[in-house]
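Here's the structure, in structure tokens; my notes come after.
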Amino acid sequence: MKLKGTKFQQQVWRYLLKIPYGKVKTYKEIAIKLNKPNSARAIANACAKNPYAPSIPCHRVIRSDGKLGGYSGPGGVKTKEKLLKKEGFLVK
DNA sequence: CACATGACCTAAC
DNA sequence: TGTTAGGCCATGT
């Protein structure tokens with residue numbers, strides 16, 4: 001199959017898939033792991049535009065403040081919060 | 001190439 | 001502690 005998005009996005013999505021169940025990562029952490037410590041914003045951008053929405057746990061990504069940030073899926077942050085709680089992560 | 005957008009971060013008030 | 005302003009990055013128009 002043909003991969004979608006740019007190399008950067010693919011990198012981000014690949015890392016999202018590495019996040020284990022019940023775990024959450026911050027945009028900054030991911031940015032650092034990708035060797036781009038200041039690209040937190042771009043990371044969020046990639047997550048929001050990921051074409052594999054249901055396949056990628058983009059809801060496991062939160063802000064460095066511990067807040068949820070946002071969610072492009074149905075229900076918005078509300079759904080995100082529910083998913084995280086379901087996975088055992090208590091939202092602040 | 002220049003401008004605008006967004007699920008961000010940090011500092012300053 | 002809450003709000004404002006500036007900076008940073010990748011993408012799309």
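This one's a predicted model, so the numbers in the text were calculated from it and none came from an experiment. So that the names make sense, note that chain A is the first sequence line, chain B the second, and so on, each numbered from 1.
- The cluster map of Ile, Leu, Val, Met, Phe, Trp and Tyr, joined by side-chain heavy atoms under 4.5 Å apart, puts A/Y15 and A/V61 in the same cluster.
- Atom CG in A/N35 sits roughly 14 Å away from atom C1' in C/dC9 (whole-Å rounding).
- A/N38 has its CG atom 9 Å from the C1' atom of C/dG7, to the nearest Å.
- The interatomic distance linking A/K49 (NZ) with C/dC9 (P) rounds to 16 Å, in whole Å.
- Nucleic acid contact class of A/Y27 (heavy atoms, under 4.0 Å, all strands): base.
- In this structure, A/L16 places its CG atom 16 Å from P of B/dA7, rounding to the nearest Å.
- No hydrogens or angles were tested; on distance alone, nothing pairs the side chain of A/R63 with the base of B/dC8 as donor and acceptor under 3.5 Å.
- Residue A/N45 is classed as a base contact, given a heavy-atom separation below 4.0 Å to a base.
- Atom OH of A/Y15 and atom C1' of C/dA10 are 19 Å apart (whole Å).
- Without hydrogens or angle criteria, A/K67 side chain to A/K92 main chain gives no donor-acceptor distance under 3.5 Å.
- Looking at heavy-atom distances under 4.0 Å, A/S64 makes contact with sugar-phosphate atoms alone, never a base.
- The base of B/dA7 lies close enough to the side chain of A/S72 for a donor and an acceptor atom to sit less than 3.5 Å apart.
- Distance from the side chain of A/D65 is smallest to B/dC9 among B/dA7, C/dC9, B/dC9.
- One can place CD1 of A/I32 at 11 Å from P of B/dC9, the figure rounded to the nearest angstrom.
- We find that A/E29 and A/K33 are not joined by a salt bridge, their nearest charged nitrogen and carboxylate oxygen being 4.0 Å or further apart.
- A straight line from CZ of A/R41 to P of B/dG6 spans 10 Å, rounded to a whole angstrom.
- When all heavy atoms of A/W13 and A/N50 are compared, the pair lying nearest together is NE1-CB, 3.1 Å.
- Comparing atom distances between the A/C58 side chain and each of B/dC9, B/dA7, C/dC9 picks out B/dA7 as nearest.
- Between A/K36 and C/dC8 there is no side-chain N or O to OP1 or OP2 distance below 4.0 Å.
- Proximity of a side-chain donor or acceptor of A/K80 to a complementary backbone N or O of A/G70 within less than 3.5 Å is detected.
- The NE2-C1' distance, from A/H59 to B/dA7, rounds to 14 Å in whole Å.
- Heavy atoms of A/G70 sit under 4.0 angstrom from at least one base atom.
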